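Comments concern the structure below.
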Amino acid sequence: MSDEFKFKLRVEEFQDAAEKLAQYSKRDGETFMKEQIRGFIRHLLDFTPPSRGSRRGSKAKKGGDMAITADIRSVFRGVTDPKKAEADSMQQMLAILRSQRRSGSMRVAKGGKKTKAPRALIAELIKAKKARVGYLASAWASAAKDVGKIRVPAWVSRHTAPGSTAITVREASITATITNAVEWAGKVHGLRGRVNAALRAQSRAMEKRVLFYIINVKKKSGFK
């Protein structure tokens with residue numbers, strides 16, 4: 001996250017699963033860690049807005065577009081006569097939109113008085129905001145470049161938000177620090193829960209692989 005927004009993650013389950021799986025892996029420690037981080041980042045992409053677990057891909061993109069349209073139209077009312085406009089520039093409209101956001105959220109509060117603005121500018125603002133959908137998630141894709149390539153949707157890969165991964169190798173341990181450096185990441189409601197959900201998802205994936213190896217070992221040894 002940015003320097004102003006940090007939180008603790010529940011890594012115990014992830015660490016435990018990784019230690020168990022590493023016993024069956026033929027890869028060296030750093031390569032093994034990079035593989036698990038790539039898996040974690042794939043899950044991060046599935047949990048970062050507008051994605052939400054099972055809602056991903058084109059459905060997530062569509063949901064993000066719809067949320068943008070709904071928010072902007074709940075703040076502004078279109079007028080055709082420029083003289084009736086209360087906001088007549090993109091800068092004014094962006095400032096008004098930011099002022100209407102709910103506390104701790106990127107979404108706006110509903111039910112307030114709408115500001116009159118030229119219809120053409122409202123349409124332009126919606127188009128510009130839609131073009132930014134996927135920017136936050138692209139920081140995770142940027143972070144993944146340090147540990148290997150992963151596939152991401154085109155509406156995410158069109159952006160290059162700042163992100164990085166640092167692997168630290170010590171004598172008895174290997175640690176990883178993943179950074180999403182988007183300035184407003186801390187304002188995204190529920191992001192910590194989403195990141196923890198991605199950790200749990202990767203932990204379960206590792207646990208399944210451990211079970212697969214255990215079953216294969218039993219079959220080869222003749223145990224039932």
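What you see below is based on every heavy atom in this structure, not just the backbone, and it leaves out hydrogens, waters and symmetry mates. All residue numbers refer to positions in the sequence shown, counting from 1. Note that the structure is a prediction, hence the values are computed from the model and not measured.
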Same cluster or not: are Ile215 and Met206 linked, directly or through other Ile, Leu, Val, Met, Phe, Trp or Tyr residues, by side-chain heavy atoms under 4.5 angstrom apart? no
On a heavy-atom basis, which atom in Asp146 and which in Ser164 lie closest, and how many Å separate them? OD2-CA, 3.4 Å
What closest approach, in Å, do Ile122 and Phe76 show between heavy atoms, and which atom pair accounts for it? CD1-CB, 3.7 Å
Crowding at CZ, Arg107 (>12 non-hydrogen neighbours, <6.0 Å): yes
Side chain to side chain contact (heavy atoms under 4.5 Å, CB included) between Thr168 and Thr177, intermediate numbers included: CA-CA 8 Å; Thr168 302; Thr177 301; 5.7 Å; no
Any salt bridge between Glu35 and Arg27, counting N to O under 4.0 Å? yes
Between Lys145 and Thr165, is there a side-chain heavy-atom distance shorter than 4.5 Å? no
Would you give the length of the straight line joining atom CG of Leu121 to atom OG of Ser89, rounded to the nearest 0.5 angstrom? 7.5 Å
Go through it in stages, so that I can follow the logic: the residues are Lys61 and Val133, the test is side chain to side chain contact (heavy atoms under 4.5 Å, CB included), and I'd like the CA-CA distance, side-chain angles, deciding distance and then a yes or no. CA-CA 7 Å; Lys61 169 66 164 56; Val133 171; 3.8 Å; yes
Co-membership, hydrophobic cluster, residues Leu97 and Met66, 4.5 Å side-chain: no
Identify the two heavy atoms, one from Ala117 and one from Ala85, that lie closest to each other, and give their separation to 0.1 Å. CA-CB, 4.3 Å
Using a 4.5 Å cut-off on heavy atoms from C-beta on, say whether the side chain of Trp140 contacts that of Val152. no
Please report the closest heavy-atom contact between Ala185 and Leu136, naming both atoms and the distance. CB-CD1, 4.0 Å
Asp16 and Lys20 ion-paired at < 4.0 Å: yes
Going through the distances and angles, do Gln202 and Phe14 end up as a side chain to side chain contact (heavy atoms under 4.5 Å, CB included)? CA-CA 7 Å; Gln202 181 59 21; Phe14 181 92; 3.6 Å; yes
Of Gln100, Lys110, Lys129, Arg101, the residue whose pairing with Asp71 passes side chain to side chain donor-acceptor pair (under 3.5 Å): Lys110
Is any side-chain heavy atom of Val75 less than 4.5 Å from a side-chain heavy atom of Lys114? no
To the closest 0.5 Å, what do you measure between CD (Gln23) and CD1 (Ile214)? 9.0 Å
Should Arg119 and Val79 count as side-chain neighbours, where that means a heavy-atom distance under 4.5 Å? no
Shortest non-hydrogen separation from Ala87 to Pro118 and the atoms involved: O-CD, 3.1 Å
Any ring pair (Phe, Tyr, Trp, His ring centres under 6.0 Å) involving residues 187-217? Give me the pairs, sequence neighbours left out, ordered by first then second residue. Tyr24-Tyr213
Non-hydrogen side-chain atoms of Pro49 and Arg194 separated by less than 4.5 Å: yes
Would you call Asp65 and Lys130 a salt bridge, taking side-chain N to carboxylate O under 4.0 Å as the test? no
Value for CD1 (Ile167) from CD1 (Ile37), rounded to nearest 0.5 Å, stands at 5.5 Å
Does Gln92 reach the side chain of Asp88, with side-chain heavy atoms less than 4.5 Å apart? yes
In a check of salt bridge (charged side-chain N to carboxylate O under 4.0 Å, His left out) between Asp46 and each of Arg52, Lys59, Arg56, which one passes? Arg56
Would Ile174 end up clustered with Val11 when hydrophobic side chains under 4.5 Å apart are linked, directly or stepwise? yes
Within-4.5 Å side-chain heavy-atom neighbours: Ser138 and Thr160: no
Residue list, ring-ring contact (aromatic ring centres under 6.0 Å, His included) with His159, at least two apart or on another chain: Tyr135
One should read off an interatomic distance between Leu125 CG and Arg73 CZ, to the nearest 0.5 angstrom, of 10.0 Å
Using 0.5 Å steps for rounding, measure from the OG atom of Ser157 to the CD1 atom of Ile150. 10.5 Å
To the nearest 0.5 angstrom, please state how far the CD atom of Glu13 sits from the CG atom of Asn196. 10.0 Å
For Ile178 and Ala143, which heavy atoms make the closest approach, and how far apart are they? CG2-CB, 4.0 Å
Between Met90 and Leu94, does the side chain to side chain contact (heavy atoms under 4.5 Å, CB included) criterion hold? Intermediate values first, please. CA-CA 6 Å; Met90 188 67 73; Leu94 286 169; 4.2 Å; yes
If you group Ile, Leu, Val, Met, Phe, Trp and Tyr by side-chain heavy-atom gaps below 4.5 Å, do Phe47 and Val182 land in one group? no
